[in-house]
Amino acid sequence: MRQLQIDTIGRDQLIGALRARQVTLVDVLSPESFATRHIPGAINLPVADIPHSAPELLPDHDAPVVVYCGGPT
């Protein structure tokens with residue numbers, strides 16, 4: 001099994017990484033919440049859909065991914 005590296009990223013660092021296209025930004029809230037409000041450039045991958053949708057939406061297993069949500073899920 002692969003070992004995952006989990007780091008915290010700050011606002012300015014995230015903005016720079018997004019501008020440089022160095023990360024994929026993933027919003028894990030419901031499609032309804034995503035439609036209402038999300039960070040521009042994010043893709044929607046609800047928590048419940050991760051097991052079956054992540055391989056299709058995130059095909060590069062080595063690419064950095066930043067995940068966020070608006071609250072506890």
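Both backbone and side-chain heavy atoms feed into the values below; hydrogens, waters and symmetry mates do not. If you're wondering where the values come from, they're calculated on a predicted model, not measured in any experiment.
Side-chain atoms of Val28 and Tyr68, non-hydrogen and from C-beta on, never get closer than 4.5 Å to each other.
By the side-chain contact (heavy atoms from CB on, under 4.5 Å) test, Asp7 pairs with Gln5, sequence neighbours left out. Here Glu32 pairs with Ser30 under the side-chain hydrogen bond (donor to acceptor under 3.5 Å, both in side chains) rule; sequence neighbours left out. Remark: Ile43 engages Thr24, Val26, Leu57, Leu58 in a side-chain contact (heavy atoms from CB on, under 4.5 Å) (not counting sequence neighbours). The side-chain contact (heavy atoms from CB on, under 4.5 Å) search around Leu18 returns Leu14, Val23, Leu25, not counting sequence neighbours. Legend: residues meeting side-chain contact (heavy atoms from CB on, under 4.5 Å) with Gln13, ordered by chain and number and at least two apart, are Ile9.
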Open item on the list: The test is side chain to side chain contact (heavy atoms under 4.5 Å, CB included); show your working for Ile39 and Asp27 and say whether it passes.
Closed with: CA-CA 8 Å; Ile39 297 173; Asp27 182 314; over 6 Å; no
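Across every non-hydrogen atom of Val67 and Val65, the tightest pair is CG2-CG1, 3.8 Å.
Listed by first then second residue, pairs satisfying side-chain hydrogen bond (donor to acceptor under 3.5 Å, both in side chains) with a partner in residues 37-47 number zero, not counting sequence neighbours.
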